[in-house]
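Written below as structure tokens is the structure these notes are about.
Both ligands and their constituent atoms are indexed starting at 1 by order of listing. Side chains are part of it too, since the values below use all heavy atoms of this structure and drop only hydrogens, waters and symmetry mates.
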Amino acid sequence: MAHEPVADARSGSRRSQAALSVPESAPRETVGGPVGDAIAAIATAAGRAGIGVVRVSGPDLSRIVAGVLARDLEPRRATFATFHGSRGEALDQGLALLFPAPASYTGETVLELHAHGGPAVLALLLGRCLDLGARLAEPGEFTKRAFLNGKLDLAQAEGVADLIEAATATAVRAAARSLSGAFSHELRAAGDELTELRAFTEATLDFPEEDIEFLRAADAAGKLAALRGRLAAIVARARQGALLREGLSVVLIGRPNVGKSSLLNQLVGDELAIVTPVPGTTRDAIRGTIEIDGIPLHLVDTAGLRPTTDAVEKIGIERTRAAIERADLALIVTDAREPAHPDDGTIASELPPRLVRILVRNKIDLGGLEAGSTATDGAITVALSAKTGAGIELLRHAIRGLVGANEDMEGTFLARERHLRALDEARARLDTAAVHLGQRAPPLELFAEELRLAQGALSAITGEFTADDLLGEIFGRFCIGK
Ligand SMILES: Nc1nc2c(ncn2[C@@H]2O[C@H](COP(=O)(O)OP(=O)(O)OP(=O)(O)O)[C@@H](O)[C@H]2O)c(=O)[nH]1
Ligand SMILES: [Mg+2]
């Protein structure tokens, strides 16, 4: 079911504007299977609350409306009504809302029953809808139907889940931006430019006598460069968004007794890790999460790195190495009173080169030193006291500078790993395409193929070309009733 936009461009007038028009989206019904039955779920969170909502969606809800409400509903008008059980008895009273297809969240007819928010009353109401022919919705099934009916694209649907799960105000704003379609809009704009370039290329392939001059005249290289620039900007914003979602993993490492656990406790503001004057106190990785400018930082305190024969400590050190492998940032903690301990150099040299690091000189209170922060040749050093807290703000500031968090987070999209991988794939394809085009006699077939693959990667993000199993994975993680 690959989405083949230029197939349309090949027929018809090849070089007219029509040949370059944006293709229609692939019909989504083909990827999700039939959507026919009515589904129902409690849409509000479990527990007691003032109001609870049962939501039903399906092609025809007349039987459920008649059975529960015993009256007609005016479209999109809140109606105060009694909700009836199977023998006509009153289960509750509340507001009923009917959204006839297609003007609804799912694109089908949707009924919302706003009842009192008790678990038992909502269970009764839901049971009544099930008795009347609906079946229990799977997690995310309402949103999946919205996607299948073309109400949302895939990136927007993911924005719905991310908005619900967002843990910080910044993350909420970024998810809302994805939901509103800002992310999809940028992707489509890039996709349109790609379509145009592909149309030129395919036309050149169809008329070999016109050869490469035609592409030159159309400034294919310039268009490709612009497209790569556009994608780079999207990737930068998506990466920022992925940071907001996933956060950064920060590992605290150093020799035994330098104060790693004390630093964790000071940053988290809680006594998470045991602190003693005994070297080798921490054996297991201890985790805490803090937030800097809306970005979650997952801190891992580890066993001090040193040669040891102690079996438990050895396992601890192995875990330290595993934590280092997964980390985005390392805080190398040292004792400020002995700035040039040889083991510190060894520890630093054994870190993966890609790992960003900050050198922390701890215990300045004991040496009568001042708190301070320096950055020379890209190496950041912060002198502080984990015990008194002096200099901790400088460390936070240094971390903030490294993660690139800034006021500009406003423009980010709450991207997922899936999006980043697809964007990377598209960029890699365009890079290869640029290499092909730069050759003396550009291999146009290969060039065209890379463009096609780049477009496939981009359209996978918005779901124009998506496999069923991916849909199952994405919507399966939603909560029920969404
Ligand atoms: N005066 C002073 N003492 C500190 C400071 N940081 C840590 N200490 C002390 O140094 C000792 C070791 O601290 P920890 O935080 O347990 O050190 P660690 O690096 O986690 O040690 P291991 O887990 O054994 O590797 C404790 O007695 C702490 O109270 C500091 O900034 N100033
Ligand atoms: Mg410790």
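Between Lys387, Gln266, Arg283, Lys363, it is Lys363 that holds the heavy atom closest to atom 8 (N) of ligand 1. In this comparison of Ala273, Gly367, Ser262, the heavy atom closest to atom 15 (O) of ligand 1 sits on Ser262.
The distance from ligand 1 to the heavy atoms of Gly304 drops below 4.0 Å at these ligand atoms: 25 (O). The Thr281 neighbourhood of ligand 1 comprises atoms 22 (P), 23 (O), 24 (O), with distances under 4.0 Å to a heavy atom of that residue. Annotation for ligand 1: atoms under 4.0 Å from non-hydrogen atoms of Val258 are 19 (O). Against a heavy-atom cut-off of under 4.0 Å, Ser385 is close to the following atoms of ligand 1: 30 (C), 31 (O), 32 (N). Numbered from 1 in the order shown, with element, the atoms of ligand 1 that lie under 4.0 Å from a heavy atom of Pro279 read 24 (O).
Between Gly280 and ligand 1, a contact under 3.5 Å exists for at least one N or O pair. On a distance-only criterion, Ser261 and ligand 1 share at least one N/O pair closer than 3.5 Å. Considering backbone and side-chain atoms alike, Val275 places every N or O at 3.5 Å or more from each N or O of ligand 1. Ligand 1 has an N or O atom lying under 3.5 Å from an N or O atom of Gly259, backbone or side chain. Taking distance alone, with nitrogen or oxygen atoms compared against 3.5 Å, Asp301 stays at or beyond that limit from ligand 1.
Distances shorter than 4.0 angstrom do not occur between any heavy atom of Leu264 and any atom of ligand 1. Contact annotation: Gly254 has no heavy atom less than 4.0 Å from any atom of ligand 1.
Arg128 is not listed as a side-chain neighbour of Val54, based on a closest heavy-atom distance of 4.5 Å or more.
Counting non-hydrogen atoms of neighbouring residues, nucleotides and ligands closer than 6.0 angstrom, the CD1 atom of Ile51 reaches no more than 12 such neighbours. Within 6.0 Å of NE2 in His116 there are 12 or fewer heavy atoms belonging to other residues, nucleotides or ligands.
Residue Leu329 forms a side-chain contact (heavy atoms from CB on, under 4.5 Å) with just one option from Leu299, Val250, Val251, Leu355, and that option is Val250.
Side-chain atoms of Asp153 and Thr462 include no donor-acceptor pair closer than 3.5 Å.
For the pair Arg55 and Phe142, the cation-pi criterion (under 6.0 Å, within 45° of the ring axis) is fulfilled.
Scanning the protein heavy atoms around atom 11 (C) of ligand 1, the nearest turns out to be Thr276 O, 3.6 Å. Taking atom 21 (O) of ligand 1 as the reference point, the nearest protein heavy-atom neighbour is Asn257 N, 3.0 Å. Summary of contacts: the protein heavy atom closest to atom 18 (P) of ligand 1 is Lys260 N, 3.4 Å.
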Pair Thr143-Tyr105, side chain to side chain donor-acceptor pair (under 3.5 Å): steps then yes or no: CA-CA 8 Å; Thr143 308; Tyr105 180 69; 2.9 Å; yes
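Protein contacts to the Mg ion (ligand 2) involving N, O or S atoms at a distance below 2.8 Å are Ser261 OG, Thr282 OG1.
Under the side-chain contact (heavy atoms from CB on, under 4.5 Å) criterion, His185 pairs with no residue at all, not counting sequence neighbours.
The CD1 atom of Ile253 lies 8.5 Å from the OG1 atom of Thr320; values are rounded to the nearest 0.5 Å.
Here the closest non-hydrogen pair linking Leu437 and Pro442 is O-CG, 3.7 Å.
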